[in-house]
Amino acid sequence: MNFKAIIKNVNKYGISGTIRLRNDKKRITEIVDNYRADFLKENGVKSLDELDKKALKKYRKSLERKYMFEILPAEYDEYKDRPIQNKVIMMENGHAPSPSQSHLADVIRKQGKYKVVMMSMNRQDVSLEEYLENGRKFVREIADAKAVFLSTSNFFLSGFDLRPETKLIQLWHGVGTFKKIGFSTVNSKGFGLSESERKKIDLYRNYDYVTIAAESQLPIFEEALRIPASSGKLAPIGVSRTDVFYDQEYIQHTHERFLKAMPQIEGKKIILYAPTFRGRTAKAKAPDRLDIAKMAERLSDDYVLLIKHHGLAHNIPDIPEEYKDKFAFDARDHKNFGIERWLSEADILITDYSSVAFEFALKEKPIIFFCYDLEEYVEERGLYNDFETFVPGPVVKTTDEICDYIEHIDERFDKQRVIDFKRDQVGACDGHATERTIELIEK
């Protein structure tokens, strides 16, 4: 018996609440066990391991729906009568804090008005049933919260409405978006859900606010989330995570940490390669077309290359041994640096369809778009704008083109193009977005 957990629950919920908690856990365990047993019986097998791929997918989907529309709403109803506390919840589907939450959480803690509770659902690291149980803990925790901050869409809150005293605020995990998201992907060839699926599970219907980087992005989020701009829920107040790019102490501290971790970079200009993944999130692959040897041959006298692949990407190419930790450095070896740190330290960004370009534009420095698969990506995933005319830098398809641009960067870099993009696409990111985001809690 875990006496520590019992004492913690007694302090939090009282004796009767703790008893109710234990009974609820027993009841839900029985519901899930019975549900699994019935499903296995219907399929003529004795364990989930014996199910074929199609049947297992059906089981997972149906269990998620059971939690979404039955178990989680009932759980919330059980606990939502508690008095509201001065606390805010930061929930992340993977590991908390996410880059979108980290700076905001730090500022709220320093202000001292609200208690900050970080909650990780650990989606990629646990079984489905553990993940769903993490969701049940999350639903209990938010029942008396002042605000809930999300950074990704998830279905835990889709089946019920929060009490009016609790604000649900979506920070989003990017500062802007080139690629289509949400309802914009409906019925798309290789990525989106069907219209009926999206309507059945509307992940965005109960948001109170969605913070976005500029008014120019309103039409995109209006389409993607199907939240009318006139509702006031789409808040072009800037994105909290970008405030660090205006913080000279943060920038200096980042530089010192990089030099300590990678003293080989001192005196060199820094190229950051930070692409997005390819394919669906469950089987995300890292792009593998960058020729590190060629870049080293042509650029290593003046530059070093830092490589930061997307957190969901698998099959990440290894850096050739002769260049590793000399010319090229792998972010996987420096996991204590978040993406903002890498962007803060870089002099040049190489990316593709990733939203990091929106953040890096705040620095008014060169961005190269390495899009060797542009036509294929547009066909499969879909983009909101004509990419080559919209982005604030050259679109290239080979490593040779990347090297050629960098070798002639002084005459080729169009800084005004980046400034114009910054003004239009991230204009509300002025170093004070966190202040305005915190104000939403009481709005």
Side-chain angles (χ1 to χ4, degrees), residues 61 64-65 67-69 72-73 76 91-93 98 100 123 135 139 142 147-164 166-240 276 280-282 353 355 358 377-387 390 424-428 433 436-437 440 443:
K61 187 175 180 179
E64 285 178 350
R65 300 291 168 86
Y67 266 81
M68 189 187 311
F69 295 117
L72 297 181
Y76 186 72
M91 191 277 257
E92 176 54 46
N93 249 352
S98 71
S100 297
R123 181 68 184 97
V139 164
I142 67 174
V148 182
F149 290 97
L150 308 176
S151 63
T152 57
S153 60
N154 68 84
F155 67 79
F156 288 138
L157 303 178
S158 301
F160 61 94
D161 293 320
L162 298 185
R163 59 198 291 186
T166 303
K167 293 288 192 306
L168 179 57
I169 303 170
Q170 175 62 264
L171 302 171
W172 213 250
H173 50 279
V175 177
T177 180
F178 297 121
K179 54 195 173 188
K180 291 191 174 182
I181 56 174
F183 279 100
S184 300
T185 66
V186 160
N187 298 323
S188 66
K189 185 177 178 182
F191 189 81
L193 298 174
S194 67
E195 177 76 22
S196 61
E197 281 289 296
R198 279 287 182 192
K199 284 184 175 178
K200 197 180 296 181
I201 307 171
D202 185 349
L203 302 177
Y204 323 116
R205 65 171 191 83
N206 52 7
Y207 293 163
D208 288 293
Y209 296 104
V210 181
T211 61
I212 58 178
E215 287 193 12
S216 63
Q217 293 190 24
L218 284 171
I220 286 175
F221 281 91
E222 187 172 34
E223 176 190 316
L225 310 185
R226 291 196 180 166
I227 297 175
S230 59
S231 69
K233 294 182 177 183
L234 301 178
I237 60 172
V239 177
S240 172
T276 191
R280 289 178 177 269
T281 54
Y353 320 102
S355 65
F358 290 84
Y377 197 90
V378 170
E379 175 70 18
E380 180 181 313
R381 182 63 197 262
L383 302 175
Y384 283 108
N385 299 284
D386 179 71
F387 194 75
F390 181 71
D424 182 56
Q425 292 296 314
V426 288
R436 295 188 288 269
T437 302
L440 296 177
K443 198 169 178 181

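- Between Ser184 and Tyr384, the side chains place a donor N or O and an acceptor N or O closer than 3.5 Å (distance only, hydrogens not considered).
- Annotation: the span from Ser231 atom OG to Tyr207 atom OH amounts to 13.5 Å, rounded to 0.5 Å.
- No side-chain heavy atom of Ser355 sits under 4.5 Å from any side-chain heavy atom of Thr177.
- Residues forming a side chain to side chain contact (heavy atoms under 4.5 Å, CB included) with Thr276 (at least two apart in sequence, or on another chain): Lys179, Arg278, His310, Asp352, Tyr353, Ser354, Tyr377.
- Taking the ring centroids of Phe155 and Tyr67, they lie at or beyond the 6.0 Å cut-off.
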Phe156 vs Leu72, test: side chain to side chain contact (heavy atoms under 4.5 Å, CB included). Steps then yes/no.
CA-CA 7 Å; Phe156 288 138; Leu72 297 181; 3.6 Å; yes

Passes side chain to side chain contact (heavy atoms under 4.5 Å, CB included), Leu203 versus Phe183? Steps please.
CA-CA 10 Å; Leu203 302 177; Phe183 279 100; over 6 Å; no

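- Rounding to the nearest 0.5 Å gives a distance of 11.5 Å between CZ of Phe149 and OG of Ser98.
- Shortest non-hydrogen contact noted between Leu234 and Ile227 is CD1-O, 3.4 Å.
- For the pair Asp208 and Thr166, the tightest heavy-atom approach, listed with the atom from each and the gap, is OD2-O, 3.6 Å.
- Between Phe390 and Phe358, the ring-plane angle classifies as tilted under the 30° and 60° cut-offs.
- Applying the salt bridge (Lys or Arg N to Asp or Glu O under 4.0 Å) rule to pairs touching residues 209-225 yields nothing, sequence neighbours excluded.
- Between Ile220 and Phe178, every side-chain heavy-atom pair lies at or beyond the 4.5 Å cut-off.
- Donor-acceptor pairing under 3.5 Å is recorded for the side chains of Glu92 and Ser151.
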How far apart are the C-alpha atoms of Tyr204 and Ser153, what are their side-chain angles, what is the distance that settles it, and do they pass the side chain to side chain contact (heavy atoms under 4.5 Å, CB included) test?
CA-CA 7 Å; Tyr204 323 116; Ser153 60; 3.7 Å; yes

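- Nearest heavy atom pair, residue His173 against residue Ser100, reads CA-OG, 3.4 Å.
- Salt bridge present: Arg205 and Asp161 bring a charged side-chain N and a carboxylate O closer than 4.0 Å.
- Residues Leu150 and Ile169 form no side-chain contact, since every pair of their non-hydrogen atoms from C-beta on lies 4.5 Å or further apart.
- Gln425 CD to Ser216 OG: the interatomic distance, rounded to the nearest 0.5 Å, is 4.0 Å.
- The closest donor-acceptor contact from the side chain of Arg381 to the backbone of Lys180 lies under 3.5 Å.
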Side chain to side chain contact (heavy atoms under 4.5 Å, CB included) between Thr437 and Tyr209, worked out:
CA-CA 9 Å; Thr437 302; Tyr209 296 104; over 6 Å; no

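- Distance check, rounded to the nearest 0.5 Å: CG of Asn93 to CG of Asn154 gives 5.0 Å.
- Nearest approach of Ala428 to Pro236, heavy atoms of both residues: CB-O, 3.6 Å.
- When the salt bridge (charged side-chain N to carboxylate O under 4.0 Å, His left out) test is applied to Lys61, the partners found at least two apart in sequence or on another chain are Glu197.
- We find the OH-CD1 distance between Tyr76 and Ile142 to be 5.5 Å, quoted to the nearest 0.5 Å.
- Note that CD1 of Ile212 and CG of Leu171 are 13.0 Å apart. Values are rounded to the nearest 0.5 Å.
- Leu440 has its side chain out of reach of Lys167: every pair of non-hydrogen atoms, C-beta onward, lies at least 4.5 Å apart.
- Proximity of a side-chain donor or acceptor of Asn206 to a complementary backbone N or O of Phe160 within less than 3.5 Å is detected.
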